[in-house]
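Along the sequence shown, the residues carry numbers beginning at 1. Side chains are part of it too, since the values below use all heavy atoms of this structure and drop only hydrogens, waters and symmetry mates. Just follow the structure's listing: the first ligand is 1, and inside any ligand the first atom is 1.
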Amino acid sequence: MLKLRSGRTLYYGKGDVLSYRTYANPLSVKAVPESAYTGDSNVIFAHNITFAVSGEQLLTSFIEGDNSLVVATDSMKNFILRNTAAYEGSTTEGLLAFISSKFMDRYSHIDAVELSADRIPFQTLEVASPSGEGLEPSPLVYRRSHNDHTSASMKLVRKDGAPVIESHECAITDLQLIKVSGSSFYGFVRDEYTTLPESYDRPLFIFLDVFWKYAESEHALDAKLGSYVPAEQIRDITHNLFHEMKSPSIQFLIYQVGLRILTRFPQLSEVRFESNNRTWETIVDNTEADPAGVYTEPRPPFGFQGFTMTQEDLIQGGE
Ligand SMILES: O=c1[nH]c(=O)c2[nH]c(=O)[nH]c2[nH]1
């Protein structure tokens, strides 16, 4: 958050602003080999938005109880919802930049806005075609999805009076992927604290969040510039790598996913991972002769990994 001249930080805002916009402009993106995704009709363009503001002139509201410059968080919610109707773009990032820069234009005493949005995903459904020949996507009925979802966060500050994006990050969160065979974990430190057996073929279940930043934030906002990276393609590249690789660890798996993402999208400056190990606990082991096994939910505590990569890694990693 913005540091005031006094070294203090302050902010206030509204969370869980649920915004269900219908018929936003459709998104169209270039294809990548790992994904069938080339865009979104955006018939439902829904988000859960968190919006926070900061500014030097808000200090008296905290230390003197002076509300004269306080835009009520209820008004912020109304501002977000009403201005969502006026958004003409097709991306979550573009929506965030649109709302926050409009807010800073409207309220000149606000020095910074920090906001984020989780896209609320709705899946297309196939229905019988009126011609009686096969199925086609319904343009009217959608299914709320509780799978992984896209999100984005952004910070805008005022420079020479105008709002500019100081930082941004895009994400796909809550990916949950299982590979039933073809993953190992062995060769790790063995000492008096080690009880984990080496595994040459484990059912690897990971929870994964992937984050990325663009070299030019403009590319995240406006898909018409031709360099927008949809979370769906990041998701599909991730499961392709999981499928392709015989992974010796989650650490190496996410590194390889990162190399592929950076190769496909040179417009990204950074990719970041947060993974969680949810490998099923083995009850009845499989054998080479019989692949059937029985597993159960792992018990806490759970291991995790974090890794940040840039285009520099491609030169070193040699994709
Ligand atoms: O992929 C893994 N990486 C680890 O660092 C680790 N540690 C552990 O107990 N299991 C695993 N799996």
With backbone taken as N, CA, C and O and side chain as the heavy atoms from C-beta onward, which portion of Leu196 lies under 4.0 Å from ligand 1: side chain, backbone, both, or neither?
-> side chain

Is a donor on one side and an acceptor on the other found under 3.5 Å between the side chain of Glu56 and the backbone of Arg5?
-> yes

For Ser249, atoms of ligand 1 separated by under 4.0 Å from a heavy atom | 1 (O)

Report, in ascending order of atom number, the atoms of ligand 1 lying under 4.0 Å from any heavy atom of Asn277.
-> 10 (N), 11 (C), 12 (N)

Salt bridge (charged side-chain N to carboxylate O under 4.0 Å, His left out) with Lys14: which residues, sequence neighbours excluded?
-> none

By side-chain hydrogen bond (donor to acceptor under 3.5 Å, both in side chains) - contacts of Asn67 (at least two apart) | none

Looking at atom 4 (C) of ligand 1, what's its closest protein heavy atom, distance included?
-> Phe185 CZ, 3.4 Å

Note: Leu204, heavy atoms under 4.0 Å from ligand 1, region reported as neither

Atom 12 (N) of ligand 1: closest protein heavy atom, distance to 0.1 Å, is Arg202 NH1, 3.1 Å

Greater than 12 external heavy atoms within 6.0 Å of Glu288's CD = no

Consider only side-chain N and O atoms of Thr173 and Asp209, and report whether a donor and an acceptor are under 3.5 Å apart.
-> no

among protein heavy atoms, the one nearest atom 3 (N) of ligand 1 is Gln251 OE1, 2.9 Å

If we number the atoms of ligand 1 from 1 as shown, the ones under 4.0 Å from a heavy atom of Ile250 are 1 (O), 2 (C)

Going by an N to O cut-off under 4.0 Å, is there a salt bridge joining Arg119 and Asp40?
-> yes

